[in-house]
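All heavy atoms count here, side chains included; hydrogens, waters and symmetry mates do not.
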Amino acid sequence: MAENNSSIKSPAGKAMRQARRKGKTVDVGLYPHNMHPGLVPGISVDEQRHTFGVDKLVFWLTATAIVAFIIWGVTNPQSVADTAAVAFDWGMINAGWLLNIVMILGIVIMLVLSLSRLGRITLGKDGEQPEFSRFSWIAMMFGAGIGVGIFFFGPSEPLWHFLSPPPETVEAGTPAALHQAVAQSHFHWGLSAWAVYAFVGASIAYSTYRRGRRSLISSVFTPLLGLGKTQGVAGRAIDMLAIVATLFGTAATLGLSATQIGTGVEIISGIGEVGNNVLIVIIAVLTVGFIISAVSGVSRGIRYLSNINISLTLLLVLFVFLTGPTLFLLNLIPSGTLYYLSNFLDMASRSLSWGAETLEFQESWTAFYWAWWIAWTPFVGMFIARISRGRTLREFALATMLIPTAILILAFTVFGGTAITFSENGVPGFDGNASSEQVLFAMFDQLPLAQITPFILIFVLAIFFITSADSASVVMGTMSSKGDPAPNKLVVVFWGLCMMGIAVVMLLTGGENSLSGLQNLTILIALPFSVVLLGMMVAFVKDLLTDPIAIRRTYARSAVENAVVRGLEEHGDDFELSVTHAEEGRGAGEGFDSTDESLTDWYQRTDEEGNKVDYDYETGEWADGYVDEALEEQKREQEKLDEEEGDEPQKS
């Protein structure tokens with residue numbers, strides 16, 4: 001941790017140095033609650049005396065703007081489409097580079113942090129254990145972060161890249177095009193997406209469960225803006241922008257779900273091509289399922305649906321693998337993965353500087369994905385932060401980036417490789433003219449159990465729809481309720497209905513090509529939120545560098561270096577280390593002001609009004625006699641469970 005020269009001159013720091021020089025014991029009263037900043041075990045948000053409730057400014061301003069947009073889109077979709085198209089063209093030419101920078105920095109930051117000593121930091125208090133098992137944790141992460149795209153684009157995107165490769169790459173229809181196709185799909189759905197999810201999730205989890213701040217995007221900015229501004233206009237503007245990004249990003253997913261389910265209904269019922277009216281009815285029906293799930297809570301509704309989701313998805317991937325071109329896929333999985341890794345930097349370098357054709361490809365593919373992931377980051381980040389409490393930063397980052405990426409690589413290779421095989425064999429529906437949803441059902445139609453699989457696909461797609469809507473609505477409820485982890489159900493349902501409304505607008509503005517409306521609106525929302533993510537990166541790293549573990553590392557490094565020098569000076573080869581009072585200039589904390597407000601202010605406890613209150617970390621008692629009844633009840637339940645577990649061996 002770098003030395004803060006300005007803080008070294010603080011009065012408290014001067015008093016401490018004078019005490020050291022006189023050989024006196026340092027007065028721990030200089031610290032909040034007599035606790036050195038390097039020894040703070042962390043503070044959870046539920047240990048703080050925060051007051052929650054709907055933030056009227058955030059809720060009503062955002063709600064008014066969104067409802068007005070939905071009315072505009074429903075009454076005059078062409079006007080919305082024209083406006084979005086003009087703004088989209090300007091944004092891609094002038095600000096498309098911003099999306100690339102955010103995605104690249106996401107990977108760099110999370111890899112560096114996870115592999116550094118800071119990776120030992122717990123996203124919670126010291127010694128805190130995770131709430132969910134690894135399987136449930138990964139399943140919920142998978143269901144919230146991947147959604148319907150694995151089916152919508154899994155078979156079709158590699159097929160399209162095979163038939164029409166990205167500009168300046170390979171010749172269509174060749175073995176090189178095959179590997180380029182799956183690699184390009186992995187690039188869009190792999191590490192880049194999950195690194196930025198991991199970054200936002202880690203920063204929120206750290207801020208909430210280790211620093212005790214409200215569970216808000218704006219809270220992450222406390223090291224940069226200060227507590228006053230994060231709770232003022234600036235912080236509220238950040239939270240409103242996060243809600244809008246979540247609304248549009250998730251609405252795009254719901255729109256894709258509806259179009260795929262609509263195609264499934266066409267196949268099963270034989271009624272012919274369905275229009276937007278049928279798709280709107282499908283959205284309305286699924287909305288009822290979302291409302292039922294939303295009122296059941298995270299631990300019950302979302303966890304059960306997510307476990308079903310990941311199980312069925314993996315079974316469908318395995319089914320295609322075993323009944324499709326298995327030998328071909330066995331070869332393509334490792335070769336396509338290595339091709340993706342070896343060409344990662346080349347694919348990441350594509351931008352406007354490569355020419356007009358590359359820009360057109362970026363508009364249709366990469367930029368849309370980057371915008372989609374960025375728009376999803378508040379929702380996915382806050383959700384995976386909520387389910388990842390107690391994980392270390394290293395485990396969280398590596399698991400969040402690598403496990404879903406591996407699953408997606410497998411799924412896209414199996415689905416895409418099978419679709420490409422059918423295309424090479426001349427099977428109808430795989431010539432590049434069919435839509436994404438048509439390619440999916442056409443692929444399963446060529447495999448065994450074709451009479452059953454459409455029903456299973458519709459069921460899985462419906463669960464993805466409900467899970468995404470449920471998770472995102474709870475997150476938006478939290479963001480509009482001052483970080484309340486259990487927001488009012490009516491607020492949650494309201495944001496869910498807004499998402500459905502925006503999904504309908506996206507379908508209407510896209511006309512016959514519904515995907516164009518989804519792409520244009522998603523990219524437009526993601527561009528301003530990219531600036532927010534860049535600020536979050538700076539704030540998160542600054543937070544980590546003042547963590548108690550980082551402070552102890554600073555002291556340890558200084559103490560060992562000083563001790564070795566002194567040992568060599570006084571004893572040559574024959575010395576050992578011990579802890580004792582140091583002479584002037586030789587202390588581990590010499591030149592480091594541990595009383596700097598940036599190190600101590602965050603763990604100063606306050607009451608509901610924000611007034612400072614003393615707190616005893618050993619007993620957990622507040623100086624004003626405050627007792628958290630919810631925490632006490634949790635303690636009693638835990639003690640009861642511990643006693644029951646302790647009795648089991650004796651009974652047996």
Check this for me, if you would: do [X] and [Y] make a salt bridge, where the nitrogen-to-carboxylate-oxygen distance has to be below 4.0 angstrom?
| X | Y | value |
| --- | --- | --- |
| D543 | R213 | yes |
| E131 | R389 | no |
| R566 | E583 | yes |
| D126 | R210 | yes |
| R557 | E561 | no |

Heavy-atom donor-acceptor pair, [X] side chain to [Y] backbone, under 3.5 Å:
| X | Y | result |
| --- | --- | --- |
| D55 | V58 | yes |
| S207 | S203 | no |
| R605 | D614 | no |
| H50 | G212 | yes |
| S219 | S215 | no |
| D607 | G610 | yes |
| T337 | I333 | yes |

Does F187 have any ring pair (Phe, Tyr, Trp, His ring centres under 6.0 Å) partners at least two apart in sequence or in another chain, and if so, which?
F344, W370
In terms of heavy-atom contacts, F396 and R391 come closest through CB-CB, 4.3 Å
Flag the pair Y617 / Y615 as yes when their ring centroid distance falls below 6.0 Å, and as no otherwise.
yes
Could you tell me if the ring centre of Y555 sits under 6.0 Å from that of H36?
yes
Going through the distances and angles, do Y340 and S185 end up as a side chain to side chain donor-acceptor pair (under 3.5 Å)?
CA-CA 9 Å; Y340 157 57; S185 302; over 6 Å; no
Residue pair M110 / M537, side-chain heavy-atom distance below 4.5 Å
no
Got a sec: does the CD of E609 have more than 12 other heavy atoms crowding it under 6.0 Å?
no
Would you say that more than 12 heavy atoms from the other residues, nucleotides or ligands in this model lie under 6.0 Å from the CD of E569, or not?
yes
